[in-house]
Peer 1: 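Mind looking over this structure? Questions follow.
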Amino acid sequence: MSQDSDLPPAKKFKTGSPLFPFSRKTVMLAGTRKSQIPVELQRRNLPIFQARAQLIGQLRQLDSVVLIGETGSGKTTQVPQYLYEAGIGRQGIIAVTQPRRVAAISLATRVSEEKKSELGKLVGYTVRFEDITSEETKIKFLTDGMLLREAIGDSLLRRYSSVILDEAHERTVHTDVLFGIVKAAQKKRKELGKSPLKVIIMSATMDVDQFSQYFNSAPVLYLEGRQHPIQIYYTKQPQSDYLQAALISVFQIHQEAPSSQDILVFLTGQEEIEAMTKTCRDIAKHLPDGQPQMMVMPLYASLPPSQQLRVFQGTPKGCRKVILSTNIGETSITITGIKYVIDTGMVKAKKYSPESSLEVLAVQRVSKAQAWQRTGRAGREDSGVCYRLYTEDEFEKFDKMTIPEIQRCNLASVMLQLLALKIPNVLTFDFMSKPSPDTIQAAIEQLHLLGAIERKEDQIILTPLGRKMAAFPLEPRFSKTILLSPKFHCTEEILSIISLLSVDSVLYNPPSKRDEIQAVRKKFISSEGDHITLLNIYRAFKNLGKSKDWCRENFVNSRNMTLVSDVRSQLRNICIKMSMPIESSRTDLVNIRQCLAHGLFMNTAELQSDGTYTTTSTRQPVAIHPSSVLFHCKPACVVYNELLHTSKCYMRDLCVVDADWLYDAAPEYFRRKLKTAKN
DNA sequence: GAGCACTGC
């Protein structure tokens, strides 16, 4: 399979930087083929169809199965139909979970077409804000988070005869918790003599042993995908500057390859991608005659949707598309026509350290699994080529798998959910990959401080407040803030603020338009901090009919703003269901800030005599983030939404508070902290 | 004095 050769892809390119040679390997990865043939024929043409009878036989017999199949095997669309057509578990619903909303929606649409039934009848989907199912629905696609929510109401998942956990290799927090939930539900249903629960884990070719072992040595079935050969080139020497290396590779390929073949480059973040976009465009302008044109497109999540869509558009004849992407291009967005992938081997990812309860965002090496995922993007329609900007020796030293998210994040929400699910002992919950005891302990401590839990005879139980908190699709401290708000007569305002905080930033901040933005934003700015400023922006948005034009004029992300509005009405409905009084504080902003102080007291920082800030909880030196309206101010005491560790440790989204309010909110906590500070 | 990978309820 592998054949080494000293074949640099091009020798003509000159930028004054040395060329570096690559060594070559060929591997087979899966791809999908587009087709215009009728649906039934397409179903029969899928690689999985040959195995249909055998597969149905196996699925009928087994309680748990791990199904390994590469992209293009058709497993996600076909297995639910096979179960249904064979009448397996006819008495219940077949659930298929997905990590992403768009996937759940498009798969449901696809399968309902194949079954020639209207979407929402036999085949439906459930995602946040959207439930397209009915009494008739037997095959239901849903996000993993949605199934987890449903489990809080019924931990035995009684409505379902089968649960298919798809894309299990991605190991999202939600999928990882679901592993434990479905395993426990299956066992419990058996013990109680109820109808059995079939569990099917679907994954790309990774982690097989771990999945199988966890599900009581479940058999592993392999499905073939459609294979397209991919040539892999490693650099012969380690590259000290991966950006420079990527740049050279792009133009080497550009000189050699037919212009219809597009290039996808994996980089780490917005800033880097914008800079590289500019450099590529500048160089492309001055290429010698006779070379193809080049269209360079950035791709990252916070890019406005209109610009994201550009990567799907065709280019004029004789023009090559070069897409510079974050890891959004690994799984979330699939671009057709990619022939070449350039993998820098770097990624920006979050790490969590429980001792400082800090989340750190840092550029680091990808795992082998991630590198393969990137490589696979080159061979989706046809054979492809992947340039890895690292040596084969370096690759061998990469971690095998990306550390699952559950071992890299704050577990407060997860622990609250497990408690709401009535898991007997959350400290010993059967995670497939156990988080560290420190992280679990830190989460329990947080929930305790929020008043969500109490200890009773060595058991941790949910308080009535904690039970209410679990009803909100929010981080526990946000739920708590909402539940406190009636006391301060400002629930309407707090609902707006919490909704604003719980989605991505609604503010666009392109550096090129900084002065313009500052002028426009002036009218909303509150000296009391970002929360009140955001509230002002939301109020204006709402009063002016939620208009898109208004958003554009004010550099507000209208997509995120609409999401805020949806989240708000969802949260408000939950409040109504709890019979919470919902009042508006109108012009009184003090109440709102008091309420925030009571909810976010754990995130407090105080001004020191030298003009710097220190967190109250861990005495960590912190600074006000440049995006804050308080950036140039020095309030004595603030609460913040989150800490972000980049070049410094920054507080984001701040609110000015009185120290007295904080002592009122948690007297015991602050008495203890004060003592520690003095020692 | 200066900056934010990606999902999801």
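Throughout, protein chains are lettered first and strands after them, A, B, ... in sequence-line order, and every chain is numbered starting at 1.
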Peer 1: Nearest whole Å is fine: how far is B:dG1 P from A:Lys634 NZ?
Peer 2: 11 Å
Peer 1: Nearest whole angstrom, please: distance from the P of B:dG8 to the CG of A:Asn560.
Peer 2: 12 Å
Peer 1: Could you give the CD-to-P distance, from A:Glu272 to B:dC6, as a whole number of Å?
Peer 2: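 Taking CD of A:Glu272 and P of B:dC6, I get 12 Å after rounding.
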Peer 1: Residues two or more places apart in sequence or in another chain: which of them pass ring-ring contact (aromatic ring centres under 6.0 Å, His included) with A:Phe472?
Peer 2: none
Peer 1: Using a cut-off of 4.0 Å on non-hydrogen atoms, how would the nucleic acid contact of A:Tyr300 be classed: base, sugar-phosphate, or nothing?
Peer 2: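 Sugar-phosphate: the residue A:Tyr300, judged by heavy atoms under 4.0 Å, touches backbone atoms but no base.
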Peer 1: From the set B:dA2, B:dC6, B:dC9, return the single nucleotide nearest to any side-chain atom of A:Phe631.
Peer 2: B:dA2
Peer 1: Cationic tip of A:Arg388 within the cone over A:Trp372's six-membered ring, i.e. under 6.0 Å and within 45° of the normal?
Peer 2: yes
Peer 1: With respect to the phosphate group of B:dA2, does any side-chain polar atom (N or O) of A:Tyr650 fall under 4.0 Å of OP1 or OP2?
Peer 2: no
Peer 1: Roughly how many Å is it from CD1 in A:Ile273 to C1' in B:dC6, rounded to a whole number?
Peer 2: 12 Å
Peer 1: Answer yes or no: is there a donor N or O on one side and an acceptor on the other, between the side chain of A:Arg467 and the main chain of A:Leu462, under 3.5 Å?
Peer 2: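 Checking the backbone N and O of A:Leu462 against the side chain of A:Arg467, no donor-acceptor pair under 3.5 Å is found.
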Peer 1: Write down the distance between CE (A:Met651) and P (B:dG3), rounded to a whole number of angstrom.
Peer 2: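 Rounded to the whole Å, the gap is 15 Å.
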Peer 1: Between A:Ile181 (CD1) and B:dC9 (C1'), how many Å, whole number?
Peer 2: 14 Å
Peer 1: Expected output is a numbered-order residue list: members of residues 96-105 of chain A with a heavy atom under 4.0 Å from any atom of DNA chain B. What is it?
Peer 2: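 Close to the strand are A:Pro99, A:Arg100, A:Arg101.
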Peer 1: Categorize A:Thr143 for me: base, sugar-phosphate, or nothing, with a 4.0 angstrom heavy-atom threshold over every strand shown.
Peer 2: sugar-phosphate
Peer 1: Does A:Gln608 have any side-chain hydrogen bond (donor to acceptor under 3.5 Å, both in side chains) partners at least two apart in sequence or in another chain, and if so, which?
Peer 2: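 Once residues adjacent in sequence are excluded, the partners of A:Gln608 under the side-chain hydrogen bond (donor to acceptor under 3.5 Å, both in side chains) criterion are A:Thr614.
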Peer 1: How is A:Lys648 classified with respect to the nucleic acid when contacts are heavy atoms under 4.0 Å: base, sugar-phosphate, or nothing?
Peer 2: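 Counting heavy atoms under 4.0 Å across all strands, no contact is made by A:Lys648.
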Peer 1: Could you check whether A:Ile328 gets within reach of a base, just the sugar-phosphate, or nothing at all, counting any heavy atom under 4.0 Å?
Peer 2: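 A:Ile328: backbone/sugar contact only, no base atoms under 4.0 Å.
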Peer 1: For A:Ile132, give me all partners under side-chain contact (heavy atoms from CB on, under 4.5 Å), at least two apart in sequence or on another chain.
Peer 2: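 Checked A:Ile132 against side-chain contact (heavy atoms from CB on, under 4.5 Å); matches are A:Leu119, A:Tyr125, A:Glu130.
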Peer 1: In whole angstrom, give the distance that lies between atom NE2 of A:His645 and atom P of B:dG3.
Peer 2: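 These atoms are roughly 12 Å apart.
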Peer 1: Is the phosphate of B:dC4, meaning OP1 or OP2, less than 4.0 Å from a side-chain N or O of A:Ser302?
Peer 2: no
Peer 1: Would you kindly give the CG-to-P distance between A:Leu142 and B:dT7, to the nearest whole Å?
Peer 2: 19 Å
Peer 1: For A:Leu474 and A:Glu271, take the nucleotide of DNA chain B holding the closest heavy atom to each; which residue's nucleotide lies nearer the 5' end?
Peer 2: A:Glu271
Peer 1: Nearest nucleotide by nearest heavy atom, which residue falls closer to the 5' end of DNA chain B, A:Leu361 or A:Gln570?
Peer 2: A:Leu361
Peer 1: Using ring centroids (six-membered ring only for Trp), state whether A:Phe211 and A:Phe179 fall under 6.0 Å.
Peer 2: yes
Peer 1: Can you classify the ring geometry of A:Phe429 versus A:Phe431 as parallel (below 30°), tilted (30 to 60°) or perpendicular (above 60°)?
Peer 2: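 If you compare the ring of A:Phe429 with that of A:Phe431, the planes turn out perpendicular.
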Peer 1: For DNA chain B, which residues of residues 146-153 of chain A approach it to below 4.0 angstrom with any heavy atom?
Peer 2: A:Met146, A:Arg149
Peer 1: Taking ring-ring contact (aromatic ring centres under 6.0 Å, His included) as the definition, give me every residue that meets it alongside A:His625, ordered by chain and number, with sequence neighbours left out.
Peer 2: A:Tyr650
